[in-house]
Amino acid sequence: MAKHVNASNGFTLSDLTLEDGVVFEVGDEYQNDEEEFSFSSEVPLSNEEALNLLNMDDFEDEDDDNDDNKPDTVTLCGISFEKVKSKMTSVFGNGKVMKLVKQKGIGEVVPFDAQIIIRYMGHFEYRDEPFDSSFARGGSETFRLNQGALIPGLEIGILTMQKHEIAVFIIHPDLAYGQYGCAPRIPPNEEILFIVHLIDYVDNGSIETLENLSIEERRIFANVVKRVQAKFSTAKDCFNKQKIKQAIRDYSKGVQWLEEAELKNQQEEDEYNKLLSRGYSNLAVCYNMVNMPRRVCIACNRIPTPTAKTFFNHGRALFRMGEYDRAIEKLQLSLRLQPNNADTIKEIRLANEKQRKYIEIEKQLWRNCLKTERKAKVETSFEKAVREMCENFSGDAQLLRQPLPESLTPEEDKCIREHAAAFGLIVTTHRRYGREVTYLNKSTY
């Protein structure tokens with residue numbers, strides 16, 4: 001009988017070599033509340049998992065229905081395209097693009113010039129594996145229609161789809177890779193089966209149409225909303241693909257359009273504030289991800305309706321700038337709106353910890369520079385404290401800026417600047433809160 005071992009208590013090599021095997025027991029602390037079969041675009045799927053996810057099981061041969069040895073996974077290998085076509089309809093009536101809807105979508109069909117986000121697999125007849133699969137690369141991919149990015153037959157098929165629809169297409173060689181194919185991957189004169197899941201689309205065509213309007217027409221809020229929503233959707237897709245700088249450009253453009261809009265009534269103003277808050281809030285997240293805390297603060301200050309997310313990102317940026325008191329204040333506002341939020345609690349603890357360390361550094365510097373009689377030459381103990389401060393700060397990945405003690409002598413200021421330069425740091429002075437404050441900065445700030 002297999003031995004049962006609690007994984008949290010550890011195990012030995014002998015447990016792994018038992019003749020009857022070993023069963024690991026995992027406690028509740030390792031469980032999560034996610035849906036059992038939830039899909040993550042970050043985790044590539046095998047071809048079988050993708051086919052099961054897309055519910056392709058009804059393509060199996062009816063003759064095999066009573067076969068007890070039938071495999072649990074689904075495959076398109078060995079299935080005749082002619083048999084699949086018997087369940088499909090022709091998009092044009094000439095049989096060159098055949099379609100079968102596996103899952104109905106919602107809303108309008110895809111516009112002519114749309115930017116689409118799809119998951120897909122491409123198969124040749126009787127082949128073991130797909131010749132192309134977005135699932136194997138991690139999930140969804142983005143294409144712009146009417147730009148030659150996809151073969152004509154697939155574009156034609158996608159233009160018949162709705163958002164969230166899953167469809168199967170069989171495309172004739174005339175609308176695929178033609179009589180010559182595309183060696184070595186695409187054989188000549190080959191029909192192709194595509195399984196497509198349309199996740200979302202952005203109507204870029206409407207944006208381009210609006211670009212042709214007069215300046216006055218472009219400022220009408222009803223026209224602006226459509227442009228902004230499309231631009232924000234594009235920005236969100238870039239963010240999900242970790243293209244943060246492009247997401248920043250798209251969110252910034254959408255915000256600019258909004259701020260140029262002319263509002264006529266309270267309803268438009270409410271929608272304006274909602275969209276503007278969304279744009280600046282997402283900009284704050286992006287700026288934090290690329291270590292641009294000053295821009296985070298600017299974005300957060302322009303949000304008409306602050307949320308817990310606003311205060312969290314504002315607090316995180318201030319923390320990185322060495323503004324510990326203000327950072328903790330913003331983070332506590334976030335925690336008040338979302339009590340027990342683990343990320344906010346963690347950030348408050350980090351800010352408190354860094355603040356305590358800064359106070360200790362400040363005390364150490366003052367112990368070595370505040371003497372009964374100031375000397376022209378900086379003492380060795382002060383130099384040591386400065387060097388330790390610069391070394392610790394340069395190695396701290398969480399901070400980009402840190403304030404320095406006030407009332408330093410010219411010699412002490414020179415000493416700090418020399419040691420800062422040795423660690424690639426910069427000393428700057430700003431007028432803040434009605435007084436001059438000197439900061440130690442990283443070159444990336």
Side-chain angles (χ1 to χ4, degrees), residues 34-35 37-45 49-50 53-55 91 99-122 132-151 153-169 194-210 224-255 257-258 271 274-275 277-279 281-283 285-286:
E34 294 183 0
E35 184 180 341
F37 299 107
S38 59
F39 173 78
S40 171
S41 60
E42 303 300 323
V43 181
L45 296 177
E49 289 171 328
L53 175 69
L54 297 173
N55 190 24
V91 172
K99 178 181 180 181
L100 172 65
V101 176
K102 294 293 296 177
Q103 174 179 290
K104 291 184 178 180
I106 58 172
E108 301 293 327
V109 296
V110 178
F112 179 66
D113 283 326
Q115 176 177 286
I116 58 167
I117 304 170
I118 60 173
R119 303 199 306 241
Y120 69 93
M121 298 177 72
D132 191 12
S133 172
S134 68
F135 292 93
R137 293 188 293 272
S140 62
E141 295 191 5
T142 303
F143 300 96
R144 176 77 182 273
L145 298 181
N146 197 33
Q147 299 290 316
L150 301 173
I151 60 173
L154 185 55
E155 280 213 8
I156 290 167
I158 290 173
L159 286 169
T160 68
M161 297 180 71
Q162 299 170 292
K163 190 182 296 185
H164 306 313
E165 180 179 326
I166 298 175
V168 183
F169 300 100
F194 275 102
I195 305 165
V196 181
H197 179 194
L198 178 62
I199 298 171
D200 201 355
Y201 66 82
V202 177
D203 186 359
N204 285 292
S206 66
I207 294 179
E208 293 177 356
T209 300
L210 289 165
V224 172
V225 167
K226 187 177 292 187
R227 299 174 76 198
V228 170
Q229 288 174 336
K231 186 60 75 173
F232 282 1
S233 294
T234 303
K236 180 181 177 182
D237 181 61
C238 290
F239 180 86
N240 290 337
K241 295 180 181 301
Q242 296 298 303
K243 298 178 180 177
I244 307 302
K245 291 184 179 179
Q246 182 60 50
I248 288 173
R249 287 192 286 270
D250 287 336
Y251 279 125
S252 297
K253 179 59 72 174
V255 163
W257 290 339
L258 271 174
E271 190 171 358
K274 184 178 178 181
L275 276 173
S277 295
R278 175 185 166 192
S281 183
N282 288 328
L283 269 174
V285 174
C286 292

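Please read all numbers here as calculations on a predicted model, not as lab measurements.
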Return the minimal non-hydrogen interatomic distance between T142 and D237, and the atom names on each side. OG1-OD2, 2.7 Å

Heavy-atom closest pair (Q103 atom, H197 atom, distance to 0.1 Å) is NE2-NE2, 4.5 Å

Nearest 0.5 Å, what's the CG-NZ distance between L275 and K231? 15.0 Å

Are Q162 and I106 packed together at the side-chain level, in the sense that at least one heavy-atom pair is separated by less than 4.5 angstrom? no

L100 CG to I166 CD1 distance, which is reported to the nearest 0.5 Å: 11.5 Å

How long is the gap from CZ on F194 to OG on S133, to the nearest 0.5 Å? 10.5 Å

Between D250 and T234: side-chain donor-acceptor atoms closer than 3.5 Å: no

State, yes or no, whether a side-chain contact exists between I244 and F239 at a heavy-atom distance under 4.5 Å. yes

Residue pair T160 / F169, side-chain heavy-atom distance below 4.5 Å: yes

Close side-chain approach of L154 to V196, heavy-atom, < 4.5 Å: yes

Do you know which two heavy atoms are closest between A247 and C286, and how far apart they sit? CB-SG, 4.2 Å

Using atom types as modelled and distance alone, determine if a side-chain donor or acceptor of K102 lies under 3.5 Å from a backbone N or O of I195. no

For the salt bridge (charged side-chain N to carboxylate O under 4.0 Å, His left out) test, which of K236, K163, R119 pairs with D200? K163

Reported CG-to-CD1 distance for the pair L145 and I116, which is rounded to 0.5 angstrom: 4.5 Å

What one should report as the nearest heavy-atom pair of V110 and I158 is CG2-O, 3.5 Å

Heavy-atom nearest pair, V255 first then F232, reads N-CE1, 4.1 Å

Do the side chain of E155 and the main chain of N146 share a donor and acceptor less than 3.5 angstrom apart? yes

Within the structure provided, determine whether I117 and N240 are in side-chain contact (heavy-atom separation under 4.5 Å). no

I248 vs L283 side-chain heavy atoms within contact, under 4.5 Å: yes

What are the two closest heavy atoms between Y201 and E108, and how far apart are they? OH-O, 3.2 Å

How far does CZ of F143 sit from CD of Q115, to the nearest 0.5 angstrom? 11.0 Å

